[in-house]
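Notes to accompany the following structure.
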Amino acid sequence: RKEVEQDPGPFNVPEGATVAFNCTYSNSASQSFFWYRQDCRKEPKLLMSVYSSGNEDGRFTAQLNRASQYISLLIRDSKLSDSATYLCVVNFRAGGTSYGKLTFGQGTILTVHP
Amino acid sequence: EAQVTQNPRYLITVTGKKLTVTCSQNMNHEYMSWYRQDPGLGLRQIYYSMNVEVTDKGDVPEGYKVSRKEKRNFPLILESPSPNQTSLYFCASKKQGASYNEQFFGPGTRLTVL
């Protein structure tokens with residue numbers, strides 16, 4: 001089983017739609033969680049961190065469920081510019097107090113069409 | 001401008017010819033890391049460094065070496081490249097001290113080994 005798993009999609013949605021992505025992780029010692037966005041052939045960029053209480057940034061809402069070991073990202077009122085690959089990222093404890101190991105899901109492809 | 005730079009951006013080489021991909025950051029970050037990205041496999045961590053002279057293996061370290069002699073630089077060395085190391089490589093850095101610090105990525109190096 002992969003340490004971090006995402007549905008690769010692709011998700012094709014019309015403008016204005018609401019779309020949700022899920023991500024599951026296997027290591028219960030995971031410490032911190034993120035969603036990154038990657039445009040075609042470009043570097044990943046942080047979209048938002050995911051906190052235990054859930055958090056929102058404009059049209060984006062992230063949730064964390066530690067008991068079930070999954071993370072979600074909800075995008076409301078999708079825009080054409082939201083088309084990208086969304087990467088779930090988990091920071092695992094790598095022995096002792098080291099938090100250096102980051103594991104990426106394979107990414108979920110989103111295409112928003114007119 | 002705060003950034004992570006990588007050189008070269010594109011490289012075509014032949015099997016067995018040693019090469020180095022440089023990575024430099026100007027944000028005084030303690031943590032630096034190398035990833036490779038392959039279709040269907042996502043981003044996988046090769047090596048990371050929590051500070052100067054401290055390096056650790058990620059998920060796929062075989063065939064790679066790194067060094068961290070200075071805080072700003074973290075070169076990736078392929079002593080004897082092979083075709084299975086053809087990939088898109090990203091360097092990243094982040095400030096240590098909090099598990100939710102953002103990781104900043106370089107623009108990527110596309111390597112082809114013939």
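Just so you know, these numbers use all the heavy atoms, side chains as well, and skip hydrogens, waters and symmetry mates. Letters A, B, ... mirror the listed sequences (proteins, then strands); counts begin at 1.
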Under 4.5 Å from any heavy atom of chain B - which part of [X]:
X        : value
Pro44(A) : both
Thr85(A) : neither
Gln6(A)  : neither
Val89(A) : neither
Phe33(A) : both
Phe34(A) : side chain

Over 12 foreign heavy atoms within 6.0 Å of [atom1], [X]:
X        : atom1 : value
Ile77(B) : CD1   : yes
Phe60(A) : CZ    : yes
Lys45(A) : NZ    : no
Gln38(A) : CD    : yes

Non-hydrogen side-chain atoms of [X] and [Y] separated by less than 4.5 Å:
X        : Y         : value
Tyr36(A) : Glu102(B) : yes
Leu46(A) : Phe105(B) : no
Asp59(B) : Glu3(A)   : yes

Completion exercise
Honestly, the part of Arg110(B) sitting under 4.5 Å from a heavy atom of chain A is side chain
Exercise for the section: Please flag which part of Gln103(B) lies under 4.5 Å from any non-hydrogen atom of chain A: side chain, backbone, both or neither. Expected result: both
Exercise for the section: Verify side-chain contact (heavy atoms from CB on, under 4.5 Å) between Glu43(A) and Tyr35(B), making sure each step is shown before the conclusion. Expected result: CA-CA 11 Å; Glu43(A) 71 272 25; Tyr35(B) 300 87; over 6 Å; no
Answer yes if [X] and [Y] sit in the same cluster of Ile, Leu, Val, Met, Phe, Trp and Tyr residues linked by side chain heavy atoms under 4.5 Å apart, and no otherwise.
X        : Y         : value
Leu88(B) : Val113(B) : no
Ile71(A) : Tyr86(A)  : yes
Ile46(B) : Leu111(B) : yes
Trp34(B) : Phe104(B) : no
Leu47(A) : Tyr70(A)  : no

Exercise for the section: Specify which of Gly106(B), Gly58(B), Gly108(B) makes the most heavy-atom pairs with chain A at under 4.5 Å. Expected result: Gly106(B)
Problem - Donor-acceptor contact below 3.5 Å, side chain Gln45(B) vs main chain Leu102(A) - result: yes
